[in-house]
There are 2 protein chains.
Amino acid sequence: MLSTNIWLVVTIRALRTRARILDAALDLFERQGYDATTVNEIAEAAGITPMTFFRHFPTKDAVLVTDPYDPLIAEAIGTQPVDLAPLERTRRGLLAALGDISALEDATAKRRVALVAESPALRAAAAVGTEATQQAIVERLVSDGAERLDATVAAAVCLAAATAALLAWGTAPDDTTLAGLVRHALTQLAPDPS
Amino acid sequence: MLSTNIWLVVTIRALRTRARILDAALDLFERQGYDATTVNEIAEAAGITPMTFFRHFPTKDAVLVTDPYDPLIAEAIGTQPVDLAPLERTRRGLLAALGDISALEDATAKRRVALVAESPALRAAAAVGTEATQQAIVERLVSDGAERLDATVAAAVCLAAATAALLAWGTAPDDTTLAGLVRHALTQLAPDPS
DNA sequence: CATTAAATGTTATCGACTAACATTTGGCTG
DNA sequence: CAGCCAAATGTTAGTCGATAACATTTAATG
């Protein structure tokens with residue numbers, strides 16, 4: 001009760017600092033580019049020390065690239081019929097989990113994606129971020145009897161399609177929905193492209 | 001004639017330095033890991049200055065990850081029937097270009113790939129390296145009438161399958177051929193998985 | 001043997017990131 | 001209200017990858 005209150009209050013202060021960092025970084029990145037913006041600038045704009053920046057974000061790119069490994073994805077894939085080929089199972093699983101994607105779309109999501117789409121360094125960081133999800137999918141498929149290489153290819157391929165759609169969404173017109181683009185991308189992987 | 005001879009000799013010296021760097025780096029990477037190895041160590045082991053290291057390789061990871069963008073790939077894709085879907089066209093093009101892949105397999109290729117497969121930082125660098133190839137494929141498909149998003153998905157997906165096969169090859173038994181793995185991976189993308 | 005251009009070395013600097021230690025903040029308890 | 005306490009922040013110093021400007025060495029050539 002007591003320590004719980006402390007924890008809450010302290011967390012509020014930390015959250016505010018984190019939000020200030022995020023605002024300052026997003027603003028600077030959009031005005032002068034990701035690479036041209038230094039952590040020192042971000043810290044100064046946020047009214048903190050560079051050291052404090054790294055206390056809230058492990059790396060500079062972590063401000064834009066978060067790795068929300070979603071257990072729901074692996075779960076949705078496991079729900080698909082086991083007799084399907086790994087690729088098709090993964091594809092249908094991703095489509096099934098697509099409904100939850102809109103939950104990720106906060107107000108700054110599209111701005112962040114647009115920045116990632118423009119910077120090779122950020123795209124690389126994003127690719128590393130999806131590896132956890134890929135690994136989870138692979139383990140799920142393998143545990144259901146798939147060959148490891150087949151499972152790896154299935155996961156890598158489906159996530160590549162989804163990532164391509166995500167990056168395209170970053171610079172797409174405002175009325176374009178992310179779910180629509182992902183669905184369109186995954187449709188190309190369908191065995192019967194009707 | 002005169003300057004040509006100078007160029008040759010000078011180049012030989014540069015090539016020997018480059019080879020010494022490569023040997024030293026590969027040895028150190030395998031013994032103590034990529035991240036745990038510093039450029040200073042490599043330079044010292046190669047008998048040069050850190051500065052000279054960066055004169056031969058733009059980055060630390062460039063010792064292992066080269067970006068041999070192969071125009072033959074885009075060309076082979078262009079050869080495929082235009083009425084095919086972008087994904088199938090890309091898939092067949094990659095399969096057709098597969099014969100040239102063995103040319104990339106020098107003595108150290110597999111050791112390098114094994115190191116890349118183990119390090120997230122190196123996998124990220126490799127991903128950035130394939131972006132040039134992906135872009136070339138996309139431009140080719142678009143110039144033949146494909147939608148940009150469809151072309152991007154097709155290129156990203158096929159290269160993801162090939163990359164997955166490549167990384168698997170790095171730790172596969174010695175009698176496993178890279179071409180065989182890539183062929184197997186791309187087969188999963190076939191519209192009729194017969 | 002002097003010339004010349006490439007290859008290498010020196011020195012200084014930047015930016016991302018980390019470790020160790022000191023300081024401030026602010027709610028809570030007696 | 002005074003003082004405790006733990007989280008948050010600051011300070012300092014350093015490592016490592018990478019770059020720039022300038023000096024030096026190398027070795028074939030005429």
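Lettering of chains follows the sequences in order, A, B, ..., and the numbering in each one begins at 1. Given the structure is predicted, the values throughout are model-derived calculations rather than measurements.
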Rounded to the nearest Å, what distance is computed from the [atom1] atom of residue [X] to the [atom2] atom of nucleotide [N]?
X	N	atom1	atom2	answer
Arg16(B)	dA27(D)	CZ	C1'	12 Å
Arg18(B)	dA6(C)	CZ	P	19 Å
Glu44(B)	dC16(D)	CD	P	12 Å
Lys60(A)	dT18(C)	NZ	P	15 Å
Met51(A)	dA20(C)	CE	C1'	10 Å
Leu64(A)	dA16(C)	CG	P	13 Å
Phe53(B)	dG17(D)	CZ	P	9 Å
Asp61(B)	dA18(D)	CG	P	7 Å

Residues at least two apart in sequence or cross-chain that pass side chain to side chain contact (heavy atoms under 4.5 Å, CB included) with Leu84(A), listed by chain then number, are Pro81(A), Glu88(A), Arg89(A), Arg92(A)
Measuring from the side chain of [X] (C-beta onward, heavy atoms only), which nucleotide among [options] has the closest atom?
X	options	result
Arg55(B)	dT9(D), dT19(D), dC22(D)	dC22(D)
Phe54(B)	dT11(D), dA8(D), dG17(D)	dG17(D)
Thr59(B)	dC17(C), dG9(C), dA18(D)	dA18(D)

Is His56(B) close enough to dA7(C) that one of its side-chain N or O atoms is under 4.0 Å from OP1 or OP2 there?
no
query = For Thr17(B) and dA7(C), is the shortest distance between a side-chain N/O and OP1 or OP2 below 4.0 Å?
reply = no
>> Do the side chains of Glu41(A) and Arg31(A) get close enough for a salt bridge, i.e. N-O under 4.0 angstrom?
In response: no
Residues of residues 25-38 of chain B with a heavy atom under 4.0 Å from any atom of DNA chain C, listed by number, are none
| said: Does Lys60(B) qualify as a cation-pi partner of Tyr34(B), given the criterion of NZ or CZ under 6.0 Å from the six-membered ring centre and within 45 degrees of its axis? | reply: yes
Are more than 12 heavy atoms, taken from residues, nucleotides or ligands other than Glu30(B), located less than 6.0 Å from that residue's CD atom? yes
**Within 6.0 angstrom of Glu147(B) CD, more than 12 heavy atoms from elsewhere** = no
**OP:** Mind checking Pro58(B) for me? I need base, sugar-phosphate or nothing, with any heavy atom below 4.0 Å counting as a touch.
**Re:** sugar-phosphate
Heavy atoms under 4.0 Å, any strand shown: does Thr52(A) hit a base, just sugar-phosphate, or nothing?
-> sugar-phosphate
Start with the C-alpha distance between Arg112(A) and Asp106(A), add both sets of side-chain angles, then the distance that settles salt bridge (charged side-chain N to carboxylate O under 4.0 Å, His left out), and finish with yes or no.
CA-CA 10 Å; Arg112(A) 293 206 312 269; Asp106(A) 60 72; 3.6 Å; yes
Review point. Are the side chain of Lys110(B) and the backbone of Ala172(B) linked by a donor-acceptor contact shorter than 3.5 Å?
Key: yes
